[in-house]
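Written below as C-alpha cells is the structure these notes are about.
Positions are given from 1, in the same order as the sequence printed here. Predicted, not measured: the structure shown is a model, and the values here were computed from it.
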Amino acid sequence: MAIRLVVTDMDNTLYSWIDYIVPAVEAMVDAVVTATQWPRIRVVQALKAVYTKYESNEYPFALQESVIFQEFNDFGSFDKLVIEPARAAFGEARRRYLRPYKGVTETLAALKERRLPVVALTDAPRNPAEQRARRLGFDALLTSMWTMPGFTFPAGPDGEALVAPDIKLKQERGHYQAACAVVELPRDFEKPNAAGLKKILTTYGMRPDEVLVIGDSVKKDIAIAQELGCHDAWAEYGTYVPLEYRERLDIISSNVITRRHAASVFESGAQTVKPTRSLSNYGQVLDVVDALSKGGK
C-alpha cells in the first residue's frame with residue numbers, strides 16, 4: 001500500500017527546539033536585566049511565572065504581563081525601554097540558533113515534488129509554530145499545519161491592547177501568517193490524544209495504512225500513530241540533548257512546557273510503546289516512504 005500522506009511533528013523533529021529556545025530566552029533575560037537593573041534571578045522568576053501560566057516559553061507578551069511591568073507608569077515607556085531591546089535580543093538569538101536539522105528542507109522539498117502531501121501536527125501554539133515555519137521556509141513546503149490555539153493580545157485596564165502599534169499593524173496585514181493552511185485544534189487535542197491525528201485522516205480522506213507519522217516522542221507521536229494503525233517512524237536524532245542545555249532549560253522553563261515541546265527528554269528507559277522504525281536523520285523519510293510503497297517495512 002502506497003503512502004499517500006506524511007504527518008510530521010515539528011519541535012525536535014524538523015529542528016531542535018531546545019537548542020533555539022534556551023539561548024533566545026537567556027538573551028531576552030540579559031536584555032531585561034540591563035534595562036531594569038533587576039537581579040537576574042528576579043527577572044527569570046518573573047518571566048517563568050508567565051510562561052508557566054500560558055504553558056509556553058514563546059508567549060510573546062510575557063513582559064507586559066509580568067510583575068516587572070508593575071514598576072512602570074505607562075506602557076509606552078516600558079515598551080521602548082524594556083520590551084523593544086528584549087524582543088530584539090530574543091530575535092537575534094532566534095536568527096542564530098533556529099536551524100533545520102540536516103536534510104529536513106531537502107526532504108520536504110522532495111516530498112512536495114512527488115506531490116505527496118506533508119502535514120505538520122504540533123503541540124505548539126499557533127503563533128510561534130507559524131513564525132518558526134515561516135522563518136525556516138517550511139510553510140512553503142508543508143501542505144498544512146495543525147497547532148494548538150494561538151495567543152491573543154493582552155489588554156490593560158482601559159481595554160487597550162498592551163502591544164506596540166507596529167505589531168498590531170503587522171498582525172492586521174497578515175505579516176505573521178504562514179503560506180500554508182493552518183488549523184487550530186482544541187486545547188484538549190494535545191498529544192498523546194490521537195484526536196488531532198484522527199481529524200487529519202478524516203479531513204484528507206486517508207486510511208491509516210496510507211499514512212506515515214514521524215516524531216521524536218515515543219509516548220506522543222509514535223503512540224498515536226500505532227493507536228490509529230498508521231505507519232510510524234521515530235525521529236531518534238531529535239532526542240539527543242546535551243546535559244548542559246537540559247540544565248539551562250530547567251532554569252527558564254517549567255516541566256509542563258518541556259513536556260509539550262520536548263517530551264522525549266522525559267522518556268528515557270523502558271517504553272511500553274516500541275517504534276516500528278528509527279531515523280538517524282530526516283532524509284531517511286524518503287527511504288521509508290519508498291519501502292512502504294513497495295510493500296516493505
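- Transitive grouping of hydrophobic side chains (ILVMFWY, heavy atoms separated by less than 4.5 Å) keeps Y15 and V7 in distinct clusters.
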* Under the side chain to side chain contact (heavy atoms under 4.5 Å, CB included) criterion, do L14 and L136 qualify, and how do the steps go? -> CA-CA 10 Å; L14 300 182; L136 295 173; over 6 Å; no
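- The two residues K112 and A140 have their closest heavy-atom pair at NZ-O, 2.5 Å.
- A heavy-atom distance below 4.5 Å is not found between the side chains of V213 and I222.
- Interatomic distance, CG of L292 versus NZ of K294, reported as 11.5 Å (0.5 Å rounding).
- For the atom pair L111 CG and L116 CG, the distance stands at 5.5 Å (nearest 0.5 Å).
- Ion pairing of K191 with D9 is present here, as a side-chain N (NZ or NE/NH1/NH2) and a carboxylate O approach within less than 4.0 Å.
- Between M145 and L121, every side-chain heavy-atom pair lies at or beyond the 4.5 Å cut-off.
- Within the 4.5 Å cutoff, the side chain of V182 has heavy atoms near those of the T147 side chain.
- Linking ILVMFWY residues whenever their side-chain heavy atoms come closer than 4.5 Å, directly or via other members, places V288 and L141 in the same cluster.
- For the side chain to side chain donor-acceptor pair (under 3.5 Å) criterion with S264, the lone passing option out of N12, D216, T239, T13 is D216.
- Both cation-pi conditions hold for R248 and Y245: the charged atom is under 6.0 angstrom from the six-membered ring centre and inside a 45 degree cone around its axis.
- S16 has its side chain out of reach of Y97: every pair of non-hydrogen atoms, C-beta onward, lies at least 4.5 Å apart.
- Side-chain atoms of V22 and S253, non-hydrogen and from C-beta on, never get closer than 4.5 Å to each other.
- With salt bridges taken as basic N to acidic carboxylate O contacts below 4.0 Å, one links D290 and R114.
- Smallest separation of non-hydrogen atoms from A178 and E130: N-OE2, 2.9 Å.
- Relative ring orientation between F90 and Y20 is described as perpendicular, the plane-to-plane angle rising above 60° on a 0-90° scale split at 30° and 60°.
- Nearest heavy atom pair, residue P100 against residue T105, reads CG-OG1, 3.9 Å.
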* To do: Begin from the C-alpha positions of V82 and T36 and carry the test side chain to side chain contact (heavy atoms under 4.5 Å, CB included) through to its verdict.
  => CA-CA 7 Å; V82 182; T36 64; 3.9 Å; yes
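- Electrostatic pairing of E92 and R95 counts as a salt bridge here, judged by a charged N lying under 4.0 Å from a carboxylate O.
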* To do: Kindly indicate, with the supporting measurements, whether the criterion side chain to side chain contact (heavy atoms under 4.5 Å, CB included) is fulfilled by F72 and S77.
  => CA-CA 8 Å; F72 285 73; S77 60; 4.1 Å; yes
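- With hydrogens and angles ignored, the 3.5 Å screen pairs a side-chain donor or acceptor of D221 with a backbone N or O of S217.
- The CE atom of M10 lies 13.5 Å from the CH2 atom of W17; values are rounded to the nearest 0.5 Å.
- The cluster map of Ile, Leu, Val, Met, Phe, Trp and Tyr, joined by side-chain heavy atoms under 4.5 Å apart, puts L201 and V183 in the same cluster.
- Linking Ile, Leu, Val, Met, Phe, Trp and Tyr whenever their side-chain heavy atoms come within less than 4.5 Å puts L47 and V33 in one cluster.
- Counting heavy atoms from C-beta outward, P85 and T34 have side chains that stay 4.5 Å or more apart.
- For CZ of R246, the number of neighbouring non-hydrogen atoms (other residues, nucleotides, ligands) closer than 6.0 Å is greater than 12.
- Under the 4.5 Å side-chain contact rule for hydrophobic residues, V118 and V285 share a cluster.
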* **CA sep, side-chain torsions, deciding dist, call: I21, L249, side chain to side chain contact (heavy atoms under 4.5 Å, CB included)** => CA-CA 8 Å; I21 200 63; L249 179 67; 4.1 Å; yes
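- Less than 6.0 angstrom separates the ring centroid of F151 from the ring centroid of Y59.
- Salt bridge status for R132 with D11: present, with a side-chain N to carboxylate O gap under 4.0 Å.
- What you find for I224 and P192 is that their closest heavy atoms are CG2-O, 3.2 Å.
- Taking each heavy atom of W146 and V119 in turn, the nearest pair found is CD1-CG1, 3.2 Å.
- Within the 4.5 Å cutoff, the side chain of V273 has heavy atoms near those of the Q226 side chain.
- Aromatic rings from Y101 and Y282 are positioned such that their centres are separated by 6.0 Å or more.
- Taking each heavy atom of Q284 and S280 in turn, the nearest pair found is OE1-N, 2.7 Å.
- With a 6.0 Å radius and a threshold of 12 heavy atoms from other residues, nucleotides or ligands, L81 has its CG atom above the threshold.
- Within the 4.5 Å cutoff, side-chain heavy atoms of H231 are placed close to those of I3.
- For the atom pair CD1 of I200 and CG of L5, the computed distance is 7.5 Å after rounding to the nearest 0.5 Å.
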